[in-house]
Number of protein chains: 2
Amino acid sequence: MKNYDALKLENQICFPLYACSREIIKQYKPFLDKIDLTYTQYITMMVLWEKKSINVKTLGQILYLDSGTLTPLLKKLEGKGYIARQRSTSDERNLIVTVTESGEALKESAVSIPAEIGKCSNLEPEEAVQLYRILYKMLNDRHLEGEIL
Amino acid sequence: MKNYDALKLENQICFPLYACSREIIKQYKPFLDKIDLTYTQYITMMVLWEKKSINVKTLGQILYLDSGTLTPLLKKLEGKGYIARQRSTSDERNLIVTVTESGEALKESAVSIPAEIGKCSNLEPEEAVQLYRILYKMLNDRHLEGEIL
DNA sequence: CTAAATTAAATTGTGTGCAATTTAATTATA
DNA sequence: TATAATTAAATTGCACACAATTTAATTTAG
């Protein structure tokens, strides 16, 4: 009788990653609803609050998202007035995204969210550190694949 | 000058979880394409290979998915011939999902996938163990919320 | 210098994910 | 026991994700 244990859900590492990611994003929802952002829009604004100005390609590299996801999302954020979209004059292939004043003001409403979410977590500080380190190790492994380095 | 560091992407724990989950699911794609399954269909089949028969509600509790996601997905798996869907005779509110012979045969084509994916990971065994433990701790915390226990 | 190759966004189409509502079946209660 | 409450799926509507293709701008090569 062949052994199929490798196919059991409980033996997967990807499944809890996938489930956990979605469960935590759900925890954000009540807080993000108050400022009318989805989770993906929220992390997009995070990058913009930090960078002020960025093109779609670079934004996509940071968020691990492509234009198929970002183009409609950025149009929505533009519709809400939080960002502006304009083509680069030096290279019109590039779309430059910038934060508006209204988008900058939104940061004030968002600043308390990380602490609120932190309260919901029962992870020990060292567990959070371990988790963070391991996740970025996996992400970087994938980033570097096929590169010269 | 107020401190907004908590809003930096690099200070989030949810973001690498979200990004990592999607990146690893992408690694599955070439293998899952060969057996014509999406990742969500794949983990659904995993549960069915183990349980043989299950109703939608229980399946949803295991996978952290609701009927809004599962109903169309299960119809697709039924269309591919891997599962059968039928109402319970004892309680017609319940839909019972069972694996077909074809679905059982698919397990043979899938059994090598976990090892193939494992090859792509550069995690040390103890890191994988830590990651697994922390993720399930977070998942269980959420599962138990608001329960008597 | 110009055609080919490359690049960046946008578009298209499919498949989730999930909140909210609806439908149908069952259970609890007045 | 008729009705109200509850439960399980299905449905609806919106927002991602992402592969594949298209469009337009820029670079590269011959």
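Since the model is a prediction, treat every value here as computed from it, not as a measurement. Because only heavy atoms are used, hydrogens play no part in the values below, and waters and symmetry mates are left out as well, while side chains stay in.
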> Quick one, Leu73(B) and Leu65(B) - any side-chain contact, counting heavy atoms below 4.5 Å?
no
> Provide a list of protein-nucleic acid N or O atom pairs under 3.5 angstrom, restricted to nucleotides 8-10 of chain C.
residue, atom, partner, partner atom, Å
dA8(C), OP2, Lys57(A), NZ, 3.2
dA8(C), O3', Arg93(A), O, 3.2
dA8(C), O3', Asn94(A), OD1, 3.4
dA9(C), OP1, Val56(A), N, 3.1
dA9(C), OP1, Lys57(A), N, 3.4
dA9(C), OP1, Asn94(A), OD1, 3.4
dA9(C), OP1, Leu95(A), N, 3.3
dA9(C), OP2, Lys57(A), N, 2.7
dA9(C), O3', Arg87(A), NH2, 3.2
dA10(C), OP1, Arg85(A), NH2, 2.7
dA10(C), OP2, Thr71(A), OG1, 2.6
dA10(C), N7, Ser67(A), OG, 2.7

> Regarding Ser90(B) and Ser88(B), do their side chains bring together a donor and an acceptor under 3.5 Å, going by distance alone?
yes
> Would you indicate what Ser90(B) reaches in the nucleic acid, counting non-hydrogen atoms under 4.0 angstrom: base, sugar-phosphate, or nothing?
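Sugar-phosphate, no base atom in range.
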> dA17(D) phosphate, OP1 or OP2: any side-chain N/O from Tyr18(B) under 4.0 angstrom?
yes
> Salt bridge (charged side-chain N to carboxylate O under 4.0 Å, His left out), that's the test. Do Lys107(A) and Glu104(A) meet it? Break it down for me.
CA-CA 5 Å; Lys107(A) 182 160 71 165; Glu104(A) 193 60 34; 3.2 Å; yes
> How about Gln27(B) and Tyr39(B): does a side-chain donor come under 3.5 Å of a side-chain acceptor?
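Absent: no donor and acceptor within the cut-off.
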> For Lys26(B), give me all partners under side chain to side chain donor-acceptor pair (under 3.5 Å), at least two apart in sequence or on another chain.
Glu23(B)
> If you find the nucleotide of DNA chain D closest to Glu92(A) and the one closest to Thr69(A), which residue's nucleotide is nearer the 5' end?
Thr69(A)
> Output the single nucleotide from dC16(D), dG15(C), dG17(C) whose closest atom is nearest the side chain of Gln41(A).
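Nucleotide nearest to Gln41(A)'s side chain: dC16(D).
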> Can you identify which nucleotide, out of dT16(C), dC18(C), dC16(D), has its nearest atom closest to the Thr38(B) side chain?
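Nearest nucleotide to the side chain: dT16(C).
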> Please check if atom NZ in Lys51(B) has more than 12 non-hydrogen atoms from other residues, nucleotides or ligands closer than 6.0 Å.
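Not buried by this count: 12 neighbours or fewer within 6.0 Å.
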